[in-house]
Structures are given as C-alpha cells and as structure tokens.
Amino acid sequence: MSRIQSTFQSLRARNRKALIPYITTGDPDLDTSLALMHGLVDAGADIIELGVPFSDPMADGPTIQRSSERALKGKTTLRGVLDVVARFRKKDNATPVVLMGYGNPVEAMGYKKFADASQEAGVDGVLVVDYPPEESNELTELLKGRAIDSIFLLAPTSKDGRIGDVGRVATGYIYYVSLKGVTGAANLDLAEVQAMLPRIRAHSPLPIGVGFGIRDAQTARSVAQLADAVVVGSRIVQEIEDSSPGEVVERVGRLVKGMRDAIDA
C-alpha cells in the first residue's frame, strides 16, 4: 500500500478529510521550500503537492506564474526539486509528497530517469498537468513499477467518456479542478462541485481532491463536506510572496492551521 493510499485509509477510519497544500519548489529558495514542507506538516497537512517550476505554467493563474518565475530565476531545476524531497525524507518518512508540474521537464530528463530519480528521492505521486490519459501510458507504467501513483485532473467540462478514461488509469486520488479557469480564481461554484463528484465516483473508487479557488477557511470547510480532500495552492503561494524570509514559515503555517481547524470543525 502506497503512502497516499495509507493516508486516505487512515483519514477515513477517523472520519477526517485530507488537506493538501501546494507550494512551488524553489520559491523563494530550496532551503525555504524544505522548511515550508515541514511547517505544512506541523500545521496539519496530510499530503504535500510540490510544484515543479516551469516557464509556461498554462493552468496556473498569475500568483503561481510569478512563483515559478522566482524559482526559475533562482535556478531551480527538476533535479533540485527531487533533492528537496530526498532531504525532506531524512526527517519525515510518512507524509506523502506529490510532484505537480508540466511535461517538458520530465521529457527533458527522460521517463525512466525521472521515474528512477523520483523513487530514489521518495516521491509518492506525480501529476503532469498537460498529460491526458491516452498520452501517458509509458510514464504511468514506469511509475507503477516503482509504486508511485499517477494522479490526473478532471474539470467541470469533463464528459463521462473522459471521466472514465481517467478512472481507468489514475491511482492515489483524482484531482477535480473546481472551476473553468486557472488557479487562484475566486468564482468557485459549490453547487457544481456537488453535482460533479457523484459522476466521478461512478467511474472510480479513488478519493477525490478538489482544488482551484479555495482561498479561505470557510470555503475549505465547505469543500471538505463534499470531497475527500481539499487542495489549496494560490492562497498559500500568495502568503509566501507577501512574507519576509524570517516570517514566511510561521505565516504559512498559521494560514494552513486555520484551514485545518475549519475542515475538522
């Protein structure tokens, strides 16, 4: 059983929902990213999504775009991201870590090298935003052979055929993008989320995480009443951008702890 499966199983047994925060690795630098990862766990994160910075993050709004620009300016590479995961594993061998990013860095490294390096670092899941199920078989098979979950996105516009395609290949959990737009938008429609989740569950028994547009504790709590996991990205990245180096871990931890408390309430 993977760390991701074990985490969701443990949460279900305690009637709790997962909190999955996202940060862009290397923003503002790799050492701070490592400190933030441990701070997120202390604040109540169940799984961490680590963004691999990319020059053209098409699914991400301006907040995460800027974080990628800062990380790339600081020379963050895919190898550097994997090194942060390996360093994290020296102190935390329990919290699942999911890499989230785009296909270009993976293609540049090569599928097998990427899968091997991810396994060696201690990665638990991979979400490549621009890989649809029908284009990802080679990578998913390599990851499966190394006990790494392949996570896929679904959107409000996804038809039943696409939901079925994802349901057949996804492992770990399914990430439902809760709005028609980029990360950080503020027009989340809870009624649409409520209507969509049963359609996804009809095609897959996997847990469903909902993200995009979750910017405060109350929204996190509302989403947790519908989904198995709450994914928060842009709001956390904005907090990182607005914080000075000496206060960033504390401020992000306070924000995430507020969401954790709201979800558990």
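All values below come from the heavy atoms of this structure, side chains included, with hydrogens, waters and symmetry mates left out.
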Inset, instruction - Determine, stepwise, if the pair V256 / L19 fulfils side chain to side chain contact (heavy atoms under 4.5 Å, CB included). - result: CA-CA 9 Å; V256 172; L19 176 57; 3.7 Å; yes

Inset, instruction - Give a yes or no answer on whether the side chain of D130 reaches the backbone of Y102 with a donor-acceptor pair at less than 3.5 Å. - result: no

Inset, instruction - Could you please spell out the steps behind the side chain to side chain contact (heavy atoms under 4.5 Å, CB included) verdict for F88 and I48? - result: CA-CA 11 Å; F88 177 75; I48 295 173; 4.2 Å; yes

Inset, instruction - Would you check if the side chain of S6 reaches a backbone N or O of R3 as a donor-acceptor pair within less than 3.5 Å? - result: no

Inset, instruction - Please name the pair of heavy atoms, one in E49 and one in V231, separated by the smallest distance, quoted to 0.1 Å. - result: OE1-CG1, 3.7 Å

Legend entry - Salt bridge R79-D83, side-chain N to carboxylate O under 4.0 Å: no

Inset, instruction - Please assess R235 against E239 for the test salt bridge (charged side-chain N to carboxylate O under 4.0 Å, His left out), listing each intermediate value before the final yes or no. - result: CA-CA 6 Å; R235 179 64 187 88; E239 197 72 17; 2.8 Å; yes

Legend entry - Residue that, paired with I23, satisfies side-chain contact (heavy atoms from CB on, under 4.5 Å) out of L36, V252, I64: L36

Legend entry - Pair R70 + E241: basic N to acidic O under 4.0 Å: yes

Inset, instruction - Could you tell me whether N93 atom CG has more than 12 heavy atoms of other residues or ligands within 6.0 Å of it? - result: yes

Legend entry - Beyond-backbone contact of D56 with F54, side-chain heavy atoms, under 4.5 angstrom: yes

Inset, instruction - Evaluate the side-chain proximity of D46 to R260: yes if any heavy-atom separation is below 4.5 Å, no if none is. - result: yes

Inset, instruction - Indicate the atoms forming the closest heavy-atom contact of D27 with A71, along with that distance. - result: N-CB, 4.1 Å

Legend entry - Flag side-chain contact, heavy atom, 4.5 Å: R12 against P207: yes

Legend entry - Any donor-acceptor N/O pair, S178 side chain to V210 backbone, under 3.5 Å: no

Legend entry - Spatial distance of atom CG (D149) from atom CG (L143) [nearest 0.5 Å]: 9.0 Å

Inset, instruction - Taking E247 for its side chain and S244 for its backbone only, find out whether a donor-acceptor pair lies under 3.5 Å. - result: yes

Inset, instruction - Would you name the heavy atoms of L206 and G172 that are closest together and state the gap between them? - result: CD2-N, 3.9 Å

Legend entry - Note, R146 side chain near L142 side chain (heavy atom, < 4.5 Å): yes

Legend entry - Donor-acceptor under 3.5 Å (R89 side chain, D92 main chain): yes

Legend entry - Side-chain (S158) to main-chain (A155) donor-acceptor, under 3.5 angstrom: yes

Legend entry - Nearest atoms (heavy-atom pairs only) where A262 meets A217: CB-O, 3.4 Å

Inset, instruction - Identify which one of V97, V85, V106, L82 satisfies the side-chain contact (heavy atoms from CB on, under 4.5 Å) criterion when paired with S118. - result: L82

Legend entry - NZ/NE/NH1/NH2 to OD/OE distance under 4.0 Å, R201 and D228: yes

Legend entry - Electrostatic pair E69:K73 at N-O distance under 4.0 angstrom: no

Inset, instruction - Compare all side-chain heavy atoms of K17 with those of L11 and state whether any distance is below 4.5 angstrom. - result: no

Legend entry - Partners passing side chain to side chain donor-acceptor pair (under 3.5 Å) against T219 (at least two apart in sequence or in another chain): D216

Legend entry - Between CG on residue L197 and CD on residue E192, distance to nearest 0.5 Å: 10.5 Å

Inset, instruction - Would you give the length of the straight line joining atom OH of Y176 to atom CE of M196, rounded to the nearest 0.5 angstrom? - result: 5.0 Å

Legend entry - Side-chain heavy-atom pair Y175, L127 within 4.5 angstrom cut-off: yes

Inset, instruction - For the pair T24 (side chain) and P53 (backbone), establish whether a donor and an acceptor sit closer than 3.5 Å, ignoring hydrogens and angles. - result: no

Inset, instruction - Heavy atoms only: give me the nearest T140-S150 pair and the separation to one decimal. - result: CG2-OG, 3.3 Å

Inset, instruction - Verify, without hydrogens or angle tests, whether S10 (side chain) and T7 (backbone) share a donor-acceptor contact under 3.5 angstrom. - result: no

Inset, instruction - Could you pull out the closest heavy-atom pair between A220 and V230, with the gap in Å? - result: O-CG2, 3.5 Å

Inset, instruction - Report the distance from atom CD of Q238 to atom CG of L255, rounding to the nearest 0.5 Å. - result: 11.0 Å

Inset, instruction - Please step through side chain to side chain contact (heavy atoms under 4.5 Å, CB included) for the pair I236 and M259, ending with a clear verdict. - result: CA-CA 11 Å; I236 293 171; M259 293 185 176; 5.7 Å; no

Legend entry - Pairwise distance OH(Y173) to CD1(I20) - rounded to 0.5 angstrom: 4.0 Å

Inset, instruction - Under the salt bridge (charged side-chain N to carboxylate O under 4.0 Å, His left out) rule, what do K113 and E120 come out as? Steps first, then yes or no, please. - result: CA-CA 10 Å; K113 284 184 179 179; E120 184 178 355; over 6 Å; no

Legend entry - Partner of V166 by side-chain contact (heavy atoms from CB on, under 4.5 Å), out of I174, I151, L153: I174

Inset, instruction - Spell out, as yes or no, whether a donor-acceptor pair under 3.5 Å connects the side chain of T32 to the backbone of P28. - result: no

Legend entry - Under 3.5 Å donor-acceptor, E141 side chain and E138 backbone: no

Inset, instruction - Give, for atom CG of L30 and atom CZ of R87, the distance between the pair rounded to the nearest 0.5 Å. - result: 7.0 Å

Legend entry - Worked check of side chain to side chain contact (heavy atoms under 4.5 Å, CB included) between V128 and F152: CA-CA 7 Å; V128 182; F152 288 87; over 6 Å; no

